[in-house]
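Beneath this line is the structure, given in structure tokens, with notes to follow.
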Amino acid sequence: MNDNQERPCELLELYALHSLSIEENDRFEAHFPACERCQKLFIEYSAVTGLLPLASEEVALPAGMKQRVLARVLGRERTQQASPQTSIETIEDLPEPALLETTVPIPRSRSWRYVSLGLAAAVLVLVAYTWQLRGDVDRLQQQIAVNTESRQGLKVNEAVSLTPAAKDIVAKGLATIVIDSRGTHLVVQAESLPELNGSEAFQVWLIKGKTNYNAGTFVSRDGNGALYDTFEPQDYDTVAITLEPDAKGETPRGQIVLTAPIKNG
Amino acid sequence: MNLVKGAFGLNVTIDDRQFMQLIIQKDAAAFEELYDRYDKWVYHFAFRIVKDSVAAEEIMQELFLRIWHQAEHFDHNQDKLSTWMFMITRNIAIDHLRSRGSRILEPSVESDPAYLIQDESSLTEEILEMRAIGEQVRVALQELSVDQQQVMEMIYYQGFTQHEVAEIVSIPLVTVKSRVRLAMKQLQQRLSHWGRRGLAHE
């Protein structure tokens, strides 16, 4: 097939799909103003192209993404007013130096750094939130001792360290579970994860006996990864990260990389 | 049409064209309103391409950075705002795929219950309508032949050139063109009743 002999009209559909090379694009645009047929069809095909993105399956938006995007674009003072429905703040707002030890090491990639900081901030805030809630729980327990009323809608679980499932794995991580009036939330953070190949991905599971709940999928960067999920509490006793052949598994298929027992999931 | 507390200091009803004018003037309230209006659709599309929530959020960051800093590049006479945003989203996402060096050739990810939106109470009439359009587009895509679906997936969602598709699938270039042409023609016939609607706020 001699591509140089193709008629410019043959490029119309790919032009409408924004899928021509620069050279092909230039060639078509040189032809376009003089071709009424292409102009007419282009309007119709462009309408199709404009609809194709809407065919995308719906997925839940990452928690706190709006704040992170607005923080990046507008600056953090702007975002402190925004999105009152979430409590995730920027990393600078956390005064506890000891907490900073739990952040994901900043990778080399600049863009990943921002995402990583955002995810780390989410983890840190939830950990800080846990601590704050612990204080609340202590105070509530004192009140319980006085008036015997039980606390309701507020339950806190500790952060548990994820440990390697095999001797040759150097990864480590932290899983934090927080329960508030809006539900039960899991934050998983891991580092020094094995390198992914092809379509491989890490999946996080909450396990109770033979029941496996898929808490989500993430892909690591420079060995670091994190995940946030809200789930229905089912007294899960184990949290595990597995290395999967792809992101589609509904049950664990790959090797467990990190795992930890959870007491009050 | 939405109400925005904008630079005017009042609640005003504005459309996409006015949105962009306000954003050119660095009106942060208008920008946030724009984000709320389009975030779902853009994120779903980005995730559809990269199949990775971290990368999809990176794409959102880059998209809205470009909108904030390059809003004057939007030509209302040439594109709908949603079309313009989707086009930028796709460019960023495909650049990401190329830099990652691996493009997944499966048609699409299966719906994962852990990811699906659970909060039905937040559904607006507009969201329901967009879902209905999306469902019809999905059906129209599924009605294409398997061969046509494959080239549309590779070219539109994965960003391969027609030459790359011919090489990967081991078919003549003329066959790639033919499949794309027939696919676009069939999609246009199935979806023509939606016209240039899409996410219309004009």
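Every chain is numbered from 1, with letters handed out A, B, ... down the list of sequences.
- Donor-acceptor pairing under 3.5 Å is recorded for the side chains of Ser19(A) and Arg90(B).
- For the pair Leu70(A)/Glu32(B), a side-chain contact is recorded, criterion being any heavy-atom separation below 4.5 Å from C-beta on.
- Proximity of Phe47(B) to Pro62(A): side-chain heavy atoms (C-beta onward) are nowhere separated by under 4.5 Å.
- Side chains of Glu57(A) and Arg138(B) form a contact here, defined as non-hydrogen atoms less than 4.5 Å apart.
- Of the atoms belonging to Leu65(B), heavy atoms from both backbone and side chain fall under 4.5 Å from chain A.
- Rounded to the nearest 0.5 angstrom, Arg48(B) CZ and Leu54(A) CG are separated by 13.0 Å.
- Looking at heavy atoms from C-beta onward, Arg190(B) lies out of side-chain contact with Val48(A) at the 4.5 angstrom threshold.
- With rounding to the nearest 0.5 angstrom, the CG atom of Leu52(A) is 10.0 Å from the CZ atom of Phe86(B).
- Contact check on Glu57(B) versus Arg68(A) returns a salt bridge, with a Lys/Arg side-chain nitrogen under 4.0 Å from an Asp/Glu carboxylate oxygen.
- Heavy-atom neighbours of Glu167(B) CD from other residues, nucleotides or ligands within 6.0 Å: at or below the threshold of 12.
- Taking OG1 of Thr161(B) as the start and CG of Leu14(A) as the end, the distance is 9.5 Å to the nearest 0.5 Å.
- Screening His44(B), Arg131(B), Lys40(B) for a side-chain hydrogen bond (donor to acceptor under 3.5 Å, both in side chains) involving Glu58(A) leaves a single residue, Arg131(B).
- For a residue to count as touching a neighbouring chain, one of its non-hydrogen atoms must lie under 4.5 Å from one of that chain's; by this rule Lys185(B) touches chain A with backbone and side chain alike.
- A distance of 11.5 Å separates NZ in Lys177(B) from CZ in Arg7(A), rounded to the nearest 0.5 Å.
- Within the 4.5 Å cutoff, the side chain of Phe64(B) has no heavy atoms near those of the Arg72(A) side chain.
- Of all heavy-atom pairs between Leu61(A) and Tyr43(B), the closest is CD2-CD2, 3.4 Å.
- Every residue meeting the ring pair (Phe, Tyr, Trp, His ring centres under 6.0 Å) condition with Phe202(A), not counting sequence neighbours, appears here in chain and number order: Phe218(A).
- Heavy-atom distances place both the backbone and the side chain of Ala55(B) under 4.5 Å from chain A.
- Between chain B and the options Leu17(A), Asp246(A), Leu12(A), Leu41(A), heavy-atom pairs under 4.5 Å are most frequent for Leu17(A).
- For Asn91(B), no part sits under 4.5 Å from any heavy atom of chain A, backbone or side chain.
- The minimum heavy-atom distance between Thr217(A) and Ser53(B), with the atom names listed, is O-OG, 4.1 Å.
- In this structure, the separation between NE2 on His18(A) and CD1 on Ile155(B) is 14.0 Å, given to the nearest 0.5 Å.
- In this view, Tyr15(A) and Phe28(A), Phe42(A) satisfy the ring pair (Phe, Tyr, Trp, His ring centres under 6.0 Å) rule, not counting sequence neighbours.
- Between Tyr35(B) and Met65(A) the shortest heavy-atom distance is OH-CE, 3.6 Å.
- Interatomic distance, Gln162(B) CD to Ser21(A) OG, rounded to the nearest 0.5 Å: 7.5 Å.
- Closest of all the heavy-atom pairs between Ala55(A) and Tyr157(B) is CB-OH, 4.2 Å.
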